[in-house]
Amino acid sequence: MPRILIVGGSDAGISAALRMRELDVSVEVTVLLRDAYPNFSICGLPFLIGGQVSDPARLAHRGLDALQAAGLEILPCHCAIGVDAASRTLEVINPDGQTQMFPWDRLLLATGARPVCPSLPGIDQLGVFPLRSMRDGLRLQGYLELRQSRRAVIVGGGYLGLEMAEALSSRGMEVTLLERNPSLLSTVHPSLGRRVEEELGRRGVRVLTGVTVKGIDDGAGALRVLGDPELAVQSDLVLLAVGVSPESELARRCRLPVGAAGALVVNRRMETPVAGIWAAGDGVETYHRLLDRNVYLPLGTTAHHQGRIAGENIVGGDRLFAGSLGTQVIKVFDQVIARTGLRAEEALAEGLPAITIPFRSPAHKSYLPWAGELHIRLTGDSRDGRLLGAQMLGPFPQEVSKRLDVLATALFHGMTIEALSDLDLSYTPPLSSPWDPIQMAGQEWGRAVSAGSKGA
Ligand SMILES: Cc1cc2nc3c(=O)[nH]c(=O)nc-3n(C[C@H](O)[C@H](O)[C@H](O)COP(=O)(O)OP(=O)(O)OC[C@H]3O[C@@H](n4cnc5c(N)ncnc54)[C@H](O)[C@@H]3O)c2cc1C
């Protein structure tokens, strides 16, 4: 019976392990992870910090008992430090601090990503936090409780920065969010980023865009964040949310090739170029379905998909990763913002003649009083009308993400924008219209492009 080792006990590693045991109960699967939190939802950390989740244990997708009941051997606090592909052994520091060698026949690297920590003066001070792992989250929570912190500065206006702005202000803190770009959420059109900024402003979060952080001073019992153009903000804590990079150190040590953003090179079966070694999750390149090439696009959804594919193939399956479209959604106070596929600029950079038409519509029949407004941006190929991407913003909880998911499904299947009108979508006045807003947006795209619009 082949001995299967998995390094990494989060989304990708556990998805793979469960899939292997689902397909073949005879396989022995050991999962090593360097932290003490197998199969936890780190995506839930903002909700733990914000107080909506009271007990960190509730963030576990599955408890240790459930993982063991599925037939997995789980070894927390085991840090892999070396892989020898020739002798098929993994070198590990165990919880007693001793080096232990683990033999393997098949190895999956699912080591995820680490937070980017910019090399700025003062970045190592007490009170400056990244947020990536359960350990980071618990450290941050402990600090907030111990220090009774009142003021926070968040560096970075991507999805993590925005979720944490809501979380920290839900705790009654004064939050300042600093973003280097002219608008928040660089993954969507600036007009939508500005709406998110307005929402944050309405909720008392101070947002400063176009600001580059230069360093952090220790100023009279508080931290002082310095930025350019001239800026100095006093704070009790600073949260760094400026992105992640692949945790590929282990792989580099055994000379596995890295590609986009330093992520491991894998094929669509999630195999590395070294026989017997697979890799999945935030540490690896992601095949992009529209671009038909690998990119770095770390997401929890993708980590689950890739893990499942790797798991299936490791036990003898032959499945290809279908590819990512970069579909993602985030809720910021009462607004939800989602995207899938390519923005016009991204498509144009790929040589695709893309046109984006913005469209606004009530989320459902407007004779019912609570209809919020949806902002939809459809991007299509001007030659054949093929859908290339979509972005949507609207009030929570009005079906933004599921509508966007319909568009992601259309994109996955290569549909044209015109064909959206052929979809048989559900309707009742409190939830939609006979033509769903995404179909109306598609009809508007067709009219505008026929009338010669170059988009907006
Ligand atoms: C606050 C937050 C919110 C998020 N929200 C969303 C969201 O809403 N939607 C979404 O799609 N994504 C979200 N993400 C991203 C998502 O959590 C990640 O894409 C996903 O967790 C990646 O899973 P992974 O298994 O590849 O890696 P990770 O979760 O990074 O796990 C890596 C695993 O490898 C282990 N490991 C690493 N190195 C070693 C070593 N040398 N030896 C042993 N073990 C090792 C770690 O202990 C860990 O178990 C969020 C992330 C954060 C931090």
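The structure presented is a predicted model; accordingly, all values stated were derived computationally and were not measured. Along the sequence shown, residues are numbered consecutively beginning with 1. In each ligand, atom 1 is the first atom listed, and ligand 1 is the first ligand listed.
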Between R289 (side chain only) and F412 (backbone N and O only), is there a donor and an acceptor less than 3.5 Å apart? yes

Selected option - heavy-atom contact closest to atom 16 (C) of ligand 1, from G300, S41, G13: G300

Counting N and O atoms only, with roles assigned by atom type, does the side chain of R21 sit under 3.5 Å from a partner on the main chain of V25, one being a donor and the other an acceptor? yes

Quick test: of every protein heavy atom, which one is nearest to atom 52 (C) of ligand 1, and how far off is it to 0.1 Å? I42 O, 4.0 Å

Going by the atom numbers of ligand 1, which of them fall below 4.0 Å from some non-hydrogen atom of T111? 32 (C), 34 (O), 37 (C), 38 (N), 39 (C)

G9, any N or O under 3.5 Å of ligand 1 N or O: yes

Of R339, R194, Q391, which meets side chain to side chain contact (heavy atoms under 4.5 Å, CB included) against H189? Q391

Taking atom 42 (N) of ligand 1 as the reference point, the nearest protein heavy atom with its distance: A80 N, 2.9 Å

Nearest heavy atom to atom 44 (N) of ligand 1 wins, so pick from R34, R253, H304, K331. R34

Which residue owns the protein heavy atom closest to atom 46 (C) of ligand 1, what's the atom, and how far is it? D35 OD2, 4.1 Å

Provide, to 0.1 Å, the distance between atom 25 (O) of ligand 1 and the closest protein heavy atom, together with that atom's residue and name. A12 N, 2.9 Å

Check against side chain to side chain contact (heavy atoms under 4.5 Å, CB included), L404 and T340: CA-CA 7 Å; L404 196 280; T340 187; 3.8 Å; yes

Heavy-atom nearest neighbour in the protein, as seen from atom 9 (N) of ligand 1, with distance rounded to 0.1 Å: C43 SG, 4.2 Å

Close-contact set for ligand 1 against P46 heavy atoms, below 4.0 Å: 1 (C)

Atoms of ligand 1 less than 4.0 Å from A110 heavy atoms? 32 (C), 33 (C), 34 (O)

Within the distance-only criterion (no hydrogens, no angle test), does the side chain of D96 pair as donor or acceptor with the backbone N or O of Q98 below 3.5 angstrom? no

Look at atom 18 (C) of ligand 1 and say which protein heavy atom is nearest, naming residue and atom and giving the distance to 0.1 Å. D282 OD2, 3.2 Å

With a 3.5 Å distance limit and no angle check, can you tell me whether T379 reaches the backbone of L388 through a side-chain donor-acceptor pair? no

Identify, by atom number and element, the atoms of ligand 1 in contact range of A303, meaning under 4.0 Å from any of its heavy atoms. 22 (C), 23 (O), 26 (O)

Assign the ring pair W370 / H364 to parallel, tilted or perpendicular, where the plane angle (0 to 90°) is split at 30° and 60°. tilted

Between S133 (side chain) and D136 (backbone), is there a donor-acceptor pair under 3.5 Å? yes

Test item, Q306 contacting ligand 1 (heavy atom, 4.0 angstrom): no

In terms of atom number and element, which parts of ligand 1 are under 4.0 angstrom from non-hydrogen atoms of R132? 18 (C), 22 (C), 27 (O), 28 (P), 29 (O), 30 (O), 53 (C)

Among all protein heavy atoms in this structure, tell me which lies nearest to atom 31 (O) of ligand 1, with the distance rounded to 0.1 Å. S10 CB, 3.0 Å

Only residue of R132, R34, R252 satisfying salt bridge (Lys or Arg N to Asp or Glu O under 4.0 Å) with E247 is R34

Going through the distances and angles, do R58 and D55 end up as a salt bridge (charged side-chain N to carboxylate O under 4.0 Å, His left out)? CA-CA 6 Å; R58 294 199 36 90; D55 178 0; over 6 Å; no

How far is atom 14 (N) of ligand 1 from its nearest protein heavy atom, and which residue and atom is that? Y159 OH, 3.2 Å

